[in-house]
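Below is one structure, written out as structure tokens, with a few remarks after it.
Predicted, not measured: the structure shown is a model, and the values here were computed from it. By convention in this document, chain letters (A, B, ...) are assigned in the order of the sequence lines, proteins followed by strands, and residues within each chain are numbered from 1. Side chains included, hydrogens not; waters and symmetry mates left out as well; all remaining heavy atoms used.
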Number of protein chains: 2
Amino acid sequence: MFSIGELSKRTKVKVPTIRYYEEMGLLPEAERTSGNQRRYNKAGLERLSFIRHARDLGFSIEAISSLIELHEHPDRSCEAATEIATSHLEDVRVKIKRLKTLEKELTRISKGCDGEGVSEDCYVLASLADHNLCDRDH
Amino acid sequence: MFSIGELSKRTKVKVPTIRYYEEMGLLPEAERTSGNQRRYNKAGLERLSFIRHARDLGFSIEAISSLIELHEHPDRSCEAATEIATSHLEDVRVKIKRLKTLEKELTRISKGCDGEGVSEDCYVLASLADHNLCDRDH
DNA sequence: TCTTGAACCTCTAGTCACTAGAGACATTAC
DNA sequence: GTAATGTCTCTAGTGACTAGAGGTTCAAGA
């Protein structure tokens, strides 16, 4: 059994965040010492690692809740879990696409000023003001 | 001169968001009718278009504030504006990189279940629980 | 001119996933 | 025993909005 600080160290999740997850129902209510401090065991550690990993992958708290619930009621959990992961994957791909478009425009914009002395007006500001200077929609 | 609703239509920025931008100082305080309703002109429209475009590109409210200030004090604005754009570009590139790693892992995870009948345990949940199954760090 | 209904006003509170701080109590090391 | 560190709960703040309540103003038609 170890303290919340120890759990925090091992999982690299901050102490207030652990308490937050408990409040949100992602973690079960921890056991307490006689002095009301939380104590955890290996199961708690694993659960929190799972949550942290899923958060790192960009799953929302809500999605993680669903995944945990599936884990606890394992009938047909595999298909449902795959579905959550797949739908999340689609989100990620959309995000990547948008960011790439954005990268292109920012690259173009931020090149405008420092080369050939287009110094009359600032190209960055002009580009932002006039959407027609963009290559594409966004 | 036109109303906030009209401005909203033309810029595709929602009415409460326009008021929010005014409160945050991105937009100057609008002129008012005798009945206290906001009225805008072409300048207001252009300013809001600038803001919307910059937000679409993922600039924070704070960064946009800086860009606007630069615009209003144009001495050396070009270098400073380019710097803001460039630093933002770096952020974007980091995000793209992270998302791509993530895409790989999610692709791998979501393929786990529906093929060859690895049905004993759910591969999605196992992958999330055990970081060692990942290809790389994140 | 009057009326009706849409648009507008301010203000407060809610969203998500935390983070920060206050003030009090518990545990641990010496 | 004492001091330092850790932990507790609670409230409030973050960013960039969004939603809703309850009231006022505007524009168009009769």
Side-chain angles (χ1 to χ4, degrees), chain A residues 1-27 29-41 44 47-48 50-68 88 91-92 95 98 102 138, chain B residues 1-27 29-41 44 47-68 84 88 91-92 95 98 102 138:
Chain A
M1 301 293 271
F2 41 87
S3 71
I4 196 169
E6 183 63 27
L7 181 63
S8 168
K9 247 183 235 163
R10 295 202 202 176
T11 56
K12 280 160 200 157
V13 176
K14 286 178 189 161
V15 169
T17 304
I18 297 173
R19 291 198 275 249
Y20 171 74
Y21 287 159
E22 182 181 314
E23 205 188 342
M24 293 298 100
L26 287 192
L27 291 171
E29 294 199 6
E31 285 180 54
R32 303 281 185 137
T33 63
S34 59
N36 200 35
Q37 297 195 354
R38 289 170 181 81
R39 284 298 176 269
Y40 297 91
N41 54 21
R47 172 89 150 239
L48 185 53
F50 175 95
I51 294 168
R52 178 175 130 77
H53 190 183
R55 285 292 301 135
D56 276 353
L57 293 178
F59 286 90
S60 68
I61 297 272
E62 211 190 328
I64 298 173
S65 268
S66 308
L67 289 171
I68 287 174
H88 185 56
D91 288 357
V92 168
K95 269 188 203 159
R98 285 209 63 202
L102 208 156
H138 47 142
Chain B
M1 300 292 271
F2 40 88
S3 70
I4 197 169
E6 183 62 28
L7 181 64
S8 168
K9 251 183 232 161
R10 294 203 202 176
T11 56
K12 280 159 201 158
V13 177
K14 285 179 189 160
V15 168
T17 306
I18 296 173
R19 292 198 274 249
Y20 171 74
Y21 288 160
E22 181 182 314
E23 205 190 342
M24 293 298 101
L26 287 192
L27 290 171
E29 294 199 6
E31 286 179 54
R32 303 283 183 135
T33 63
S34 58
N36 199 34
Q37 297 195 356
R38 290 170 180 82
R39 285 298 175 269
Y40 299 90
N41 54 21
R47 172 87 150 241
L48 184 55
S49 300
F50 175 97
I51 294 168
R52 178 175 131 78
H53 191 187
R55 284 293 302 133
D56 276 353
L57 293 179
F59 287 90
S60 69
I61 297 272
E62 211 190 329
I64 297 172
S65 269
S66 309
L67 289 170
I68 287 174
I84 291 174
H88 184 55
D91 288 356
V92 168
K95 270 187 203 157
R98 285 208 64 203
L102 208 155
H138 48 144

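Boundaries of the chain B contact region on DNA chain C are dC8(C) to dT10(C), first to last in 5' to 3' order (nucleotide atom under 4.0 Å from a heavy atom).
For the atom pair CD1 of I51(A) and CD1 of I68(A), the computed distance is 4.5 Å after rounding to the nearest 0.5 Å. Interatomic distance, Y40(B) OH to L27(B) CG, rounded to the nearest 0.5 Å: 6.5 Å.
Within residues 8-22 of chain A, the residues that place at least one heavy atom under 4.0 Å from DNA chain D are, in residue-number order, R19(A).
Counting only residues at least two apart or on different chains, the side-chain hydrogen bond (donor to acceptor under 3.5 Å, both in side chains) pairs with a member in residues 13-27 of chain A are E22(A)-R38(A).
Between N41(A) and F2(A) the shortest heavy-atom distance is O-CZ, 3.7 Å.
Among residues two or more places apart in sequence or in another chain, the side chain to side chain contact (heavy atoms under 4.5 Å, CB included) test is passed with S66(A) by I84(A). Not counting sequence neighbours, the partners of S65(B) by the side chain to side chain contact (heavy atoms under 4.5 Å, CB included) test are L26(B). Checked against side chain to side chain contact (heavy atoms under 4.5 Å, CB included), S8(A) has the following partners two or more places apart in sequence or in another chain: V15(A), I18(A). By the side chain to side chain donor-acceptor pair (under 3.5 Å) test, R55(A) pairs with no residue at all, sequence neighbours left out. Residues that satisfy the side chain to side chain contact (heavy atoms under 4.5 Å, CB included) test with T33(B), not counting sequence neighbours, are Q37(B), R39(B). R10(A) pairs by the side chain to side chain donor-acceptor pair (under 3.5 Å) definition with E6(A), not counting sequence neighbours.
Going from atom CE of M24(B) over to atom C1' of dG13(D) covers 13 Å, rounded to whole Å. Whole-Å rounding puts the E23(A) CD to dT9(D) P distance at 10 Å. Between the CD atom of E62(B) and the C1' atom of dC17(D) there is a distance of 17 Å, rounded to whole Å. One can place CZ of R55(B) at 9 Å from C1' of dC17(D), the figure rounded to the nearest angstrom.
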Tabulate atom names and distances for all N/O pairs under 3.5 angstrom spanning the protein and nucleotides 24-26 of chain D.
from: dC26(D); atom 1: OP1; to: T33(B); atom 2: OG1; distance (Å): 3.0
from: dC26(D); atom 1: OP1; to: G35(B); atom 2: N; distance (Å): 3.2

